[in-house]
Amino acid sequence: MTRVLHLADLHGSLADPLLDAMTFLNEVTGRYPEAVSFAPGRPHEEFFDPGDIPKHLDTYLRHLREERGLTESQVRQEVFQYGRTKGLIAPLIARALAADEGIDVDPEALVVTVGAQEGMLLVLRALCAGPDDVLLVSAPCYVGVTGAARLLDLTVHPVPEAGRDGGLDPEALAAAVRELRAAGKRPRACYVVPDFANPSGASLDEPARRRLLAVAEETGVLLIEDNPYGFFGRTADPRPTLKALDGDRGNVVYLGSFAKTCFPGARVGYVVADQRVAAPDGREDLLADELAKLKSMTTVNTSALAQAVIGGMLLDGGLRLRDANEPARRFYARNMDTLLAELETAFRDVPGVSWNHPDGGFFAVVTVPFRADARALDACARKHGVLWTPMDGFHPGGGGEHQLRLSCSYLAPDRIADGVRRLAAFVKERLPEGG
């Protein structure tokens with residue numbers, strides 16, 4: 001007879017309602033495959049061509065032979081063996097960061113990770129050392145970072161965003177740090193997505209970014225900047241990253257991902273961790289070196305083949321990934337414009353319904369006068385053939401019960417219009433119930 005393990009004896013994160021909610025969303029998506037789905041935050045698949053993968057791989061191999069002067073034996077070792085824990089393509093990433101974001105960083109300060117998710121986990125594990133350490137996050141917040149904190153048994157403290165479109169509130173962060181320290185806690189870091197955040201779509205303007213950096217400098221709290229959507233504004237005018245604005249002051253650990261700018265199946269991300277770490281014996285290392293130690297005991301290293309393909313994509317794009325993503329930016333901008341226009345048409349005279357107006361990215365949030373929970377989602381999918389994501393799972397301190405997230409990245413414009421019409425029919429059907 002197979003042995004039975006009791007959930008109560010396993011790690012508490014396995015009983016977390018958030019994990020159940022994410023599982024339920026996947027199940028609903030599988031049950032209604034023909035529904036118009038605003039649920040996944042995926043890049044649009046029409047930008048992918050399987051035939052490009054060998055081309056990018058060839059580009060990287062040519063780079064190894066011609067630019068780096070490696071022998072055939074060394075090339076084989078580079079792409080077939082385990083490789084450096086910090087990664088193989090850090091020099092190329094550093095050159096792209098300088099061109100795209102004005103971030104000048106020594107490649108030794110980078111760790112190439114298995115997606116940005118591993119980067120989050122490594123950074124949180126390194127920074128949070130004891131039971132009094134606290135991670136601050138925006139509210140609402142991406143579930144990947146709160147989920148990682150839960151796996152590590154870290155305390156999470158939510159910090160509200162400044163209105164529907166304003167991003168994390170710097171003054172609220174300063175107040176939260178004071179409150180936590182007065183309670184004997186040690187606020188260690190604050191996770192923030194300055195551009196088109198998941199799930200809210202909110203962004204920080206440049207004055208708010210500078211004020212946030214000032215708060216970090218004043219309080220000693222590190223900012224963990226995550227930037228998966230920064231290339232995808234509704235206009236081509238980029239805002240400066242926190243890392244670029246901070247210069248060499250060391251207030252920002254920067255998380256990058258190639259999931260949206262290249263393709264998610266590669267599972268390649270990176271961390272820029274150029275802070276200095278002083279050891280008791282007087283020795284100093286980079287924080288990146290400490291993260292590499294943790295990585296060596298988890299994933300060991302990031303797939304050399306996946307890195308090679310991403311490295312080839314960077315080279316084929318002239319090490320200017322923003323320029324290479326301009327067609328995608330225009331596509332996502334058109335989709336967001338379409339979504340906002342369709343929401344205006346469908347809901348302009350519907351009482352109790354409102355939505356934000358993101359400057360770009362993949363997500364918008366709709367507020368409705370009833371509970372937009374898992375039960376409502378299932379009913380909406382079953383009766384009207386449209387899927388969305390409940391927002392309550394994105395609020396670690398509670399909230400969001402009357403909000404739903406719409407992702408417009410994965411759909412063609414005609415499907416967006418059809419989906420909003422279906423959503424409007426569902427919402428109007430619910431209005432007489434009063435929630």
Side-chain angles (χ1 to χ4, degrees), residues 13 16-29 37-42 116-117 120-121 124 134-151 154-169 172-173 176 189-204 224-229 255 257 259-260 336 339 354-358 360-368 370-378 380 387-410 423:
S13 63
D16 195 310
L18 177 60
L19 298 186
D20 290 335
M22 293 300 104
T23 301
F24 173 79
L25 182 61
N26 291 333
E27 290 175 353
V28 170
T29 301
S37 181
F38 290 111
R42 298 178 177 180
Q117 188 68 31
M120 291 177 201
L121 196 71
L124 296 185
V134 178
L135 171 69
L136 299 115
V137 301
S138 60
C141 183
Y142 171 54
V143 296
V145 71
T146 52
R150 182 69 181 91
L151 293 179
L154 305 181
T155 299
V156 171
H157 186 90
V159 179
E161 291 186 338
R164 294 189 305 175
D165 299 313
L168 185 140
D169 186 343
L173 174 61
C190 178
Y191 172 84
V192 59
V193 183
D195 287 302
F196 327 126
N198 179 7
S200 68
S203 299
L204 290 164
I224 303 172
E225 179 180 17
D226 194 3
N227 188 28
Y229 309 105
L255 298 176
S257 171
K260 309 303 189 294
M336 182 60 74
L339 175 62
S354 61
W355 56 96
N356 64 347
H357 295 79
F362 290 8
F363 310 106
V365 175
V366 178
T367 300
V368 294
F370 55 84
R371 288 188 67 90
D373 55 14
R375 182 177 299 179
L377 170 60
D378 188 62
C380 184
L387 294 164
W388 36 269
T389 305
M391 280 288 290
D392 55 359
F394 296 101
H395 285 263
E401 294 86 356
H402 292 261
Q403 292 183 318
L404 54 93
R405 188 194 76 175
L406 302 179
S407 173
C408 61
S409 60
Y410 192 66
L423 178 64

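The shown structure was predicted, so the numbers you read here are calculated from the model rather than taken from an experiment.
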Is there a donor-acceptor contact under 3.5 Å from the side chain of Ser203 to the main chain of Phe196?
yes

Please give me the minimum heavy-atom distance between Lys260 and Phe362, naming the atom from each residue.
CD-CE2, 3.7 Å

At what distance, to the nearest 0.5 angstrom, does OH of Tyr229 lie from OG of Ser409?
8.0 Å

Least distance between heavy atoms, Gly360 atom then Met336 atom:
O-CE, 3.9 Å

Provide the closest heavy-atom pair for Pro194 versus Asp226 in the form atom of the first, atom of the second, distance.
CD-O, 3.8 Å

Can you find a heavy atom in the side chain of Leu173 that is under 4.5 Å from one in the side chain of Val192?
no

How long is the straight-line distance from NE2 of His402 back to CZ of Phe370, given to the nearest 0.5 Å?
9.5 Å

If you look only at distance, which donor and acceptor atoms sit under 3.5 Å apart when one is on a side chain in residues 134-150 and the other is two or more places apart or in another chain?
residue: Ser138; atom: OG; partner: Pro140; partner atom: O; Å: 3.1
residue: Tyr142; atom: OH; partner: Gln117; partner atom: OE1; Å: 3.4
residue: Thr146; atom: OG1; partner: Val143; partner atom: O; Å: 3.2
residue: Arg150; atom: NE; partner: Asp16; partner atom: OD2; Å: 3.3
residue: Arg150; atom: NH2; partner: Gly12; partner atom: O; Å: 3.1

Do you know the tightest heavy-atom contact between Gln403 and His395?
OE1-NE2, 4.0 Å

Of the non-hydrogen atoms in Ser200 and Val365, which two are nearest, and what is the gap between them?
CA-CG2, 3.7 Å

Tightest non-hydrogen contact, residues Ser257 and Ala116, listed as CB-CB, 3.9 Å

Please round to the nearest 0.5 Å and tell me the distance separating atom CG of Leu255 and atom CE of Met120.
6.0 Å

Let me confirm one number: the CG-OG1 distance from Leu404 to Thr367, rounded to the nearest 0.5 Å.
8.0 Å

Please check this pair: side chain of Asp392 against backbone of Asp373, looking for a donor-acceptor N/O pair closer than 3.5 Å.
no

Interatomic distance, Cys408 atom SG to Phe363 atom CZ [nearest 0.5 angstrom]
8.5 Å

